[in-house]
Amino acid sequence: MELIKQKEYKEMMLKYEFAKKKLETDLEILLQEYAFKVGYNPVEHIKSRIKSLDRIIEKLNRKEKEINVDNITRYVSDVVGMRIVCSFIKDVYTIADIIRSTGEFILKSEKNYIDEPKSSGYRSYHMIVLVPIHLENRTEYIQVEIQIRTVAMDCWASLDHKLRYRFPGKLSKDLENEIVESANDMLEIDKKMQHISDVLNKVKE
Ligand code: 0O2
């Protein structure tokens with residue numbers, strides 16, 4: 001693959017690596033400080049990754065864009081992706097607020113797939129933020145995607161991903177409906193757990 005030999009490509013990927021590190025460190029500090037302050041840690045786990053070149057190319061092909069460095073920057077918003085999995089639905093919004101309120105990142109866009117799930121049944125809160133990386137004599141802002149979701153939403157999304165990856169063709173309408181139903185079942189679990197958590201919090205007060 002010619003692209004990966006290009007200096008321009010290597011430089012771009014290096015900047016994505018820097019942005020991933022910066023995002024991980026900054027968020028760890030922000031979330032730990034929050035947990036210390038309120039005595040409650042909303043995070044179950046955090047995972048971040050750099051998208052593989054194969055998946056980047058697949059995305060550009062899907063969007064019918066030529067494979068080059070410019071188009072990766074322009075059309076692939078999740079070369080750096082972070083997933084924050086939290087315990088309860090309200091925690092998703094708490095974490096989104098924490099990210100929004102830090103002066104360090106620039107918020108580019110947000111998509112609330114919890115209030116408005118995708119037709120597949122997918123639920124999650126997405127934020128595209130620009131992360132500053134401090135280089136010699138300059139600061140550059142690198143785009144990253146943060147997905148925030150509950151354990152139940154995450155469980156559904158990984159199984160859904162696995163099913164679709166194993167069977168890349170179009171699924172039958174019945175199976176599509178079953179997948180949406182299972183996403184709705186997960187939502188019911190989330191709502192029940194949130195209710196229990198709210199009741200216990202009241203008791204504690
Ligand atoms: P992967 O393997 O997770 O990286 P775009 O991101 O430009 O393609 P859009 O609509 O702007 O398109 O992005 P969207 O849909 O807000 O977010 C895309 C990402 O959300 C996906 O990345 C998935 O991680 C996740 N996602 C969206 N819909 C679904 C779904 O139906 N099921 C599951 N399991 N995940 C979903 P990638 O690159 O497609 O995949």
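Since this is a predicted model, take the numbers as computed values, not measurements. Both counts, for ligands and for their atoms, begin at 1 and track the order of listing.
Rounding to the nearest 0.5 Å gives a distance of 10.5 Å between CG of N112 and CE of M127.
V92 and V38 fall within the same hydrophobic cluster, defined by Ile, Leu, Val, Met, Phe, Trp and Tyr side-chain heavy atoms under 4.5 Å apart, directly or through other members. Cluster membership for F36 and I95, using ILVMFWY side-chain heavy atoms within less than 4.5 angstrom, is not shared. Cluster membership check: I98 shares its hydrophobic cluster with M82, using side-chain heavy-atom separations under 4.5 Å among Ile, Leu, Val, Met, Phe, Trp and Tyr.
Close N/O approach between K51 and ligand 1 is found [any backbone or side-chain N/O within under 3.5 Å]. Ligand 1 has no N or O atom lying under 3.5 Å from any N or O atom of S77, backbone or side chain.
The closest protein non-hydrogen atom to atom 28 (N) of ligand 1 is K118 CD, 3.3 Å. For atom 22 (O) of ligand 1, the nearest non-hydrogen atom of the protein is D78 OD2, 3.7 Å. When hydrogens are left out, the protein atom nearest atom 16 (O) of ligand 1 is Y113 OH, 2.8 Å; that is the closest non-hydrogen contact.
Atom numbering of ligand 1 starts at 1 in the shown order; those under 4.0 Å from a heavy atom of R55 are 1 (P), 2 (O), 40 (O). Less than 4.0 angstrom separates some heavy atom of S120 from each of these atoms of ligand 1: 30 (C), 31 (O). Here is the list of ligand 1 atoms found below 4.0 Å of a heavy atom in A157: 34 (N).
In this comparison of K63, K111, K59, H161, the heavy atom closest to atom 7 (O) of ligand 1 sits on K63. The nearest non-hydrogen atom to atom 23 (C) of ligand 1, considering only Q147, R149, R62, E145, comes from Q147. Looking at V180, D160, I128, I179, it is D160 that brings a heavy atom closest to atom 33 (C) of ligand 1. In the candidate list R83, E58, H126, H126 is nearest to atom 17 (O) of ligand 1, counting heavy atoms.
Remark: M193 CE is loosely packed, at most 12 non-hydrogen atoms of other residues, nucleotides or ligands lying under 6.0 Å away. Heavy-atom contacts from other residues, nucleotides or ligands closer than 6.0 Å to CD of E140 number more than 12.
Judged by a 6.0 Å distance limit and a 45° cone about the ring axis, K118 is positioned over the six-membered ring of Y113.
Neither the backbone nor the side chain of V76 comes within contact range of ligand 1; no heavy atom lies under 4.0 Å. Neither the backbone nor the side chain of R164 has a heavy atom within less than 4.0 Å of ligand 1. The part of R49 lying near ligand 1 is the side chain, judged by heavy-atom distances below 4.0 Å.
In this structure, Y40 has its ring center at least 6.0 angstrom away from the ring center of Y34.
Paired with L60 under the rule side-chain contact (heavy atoms from CB on, under 4.5 Å), one option of R55, E66, K65 passes, and it is K65.
Ring planes of W156 and Y122: tilted class, angle from 30 to 60°.
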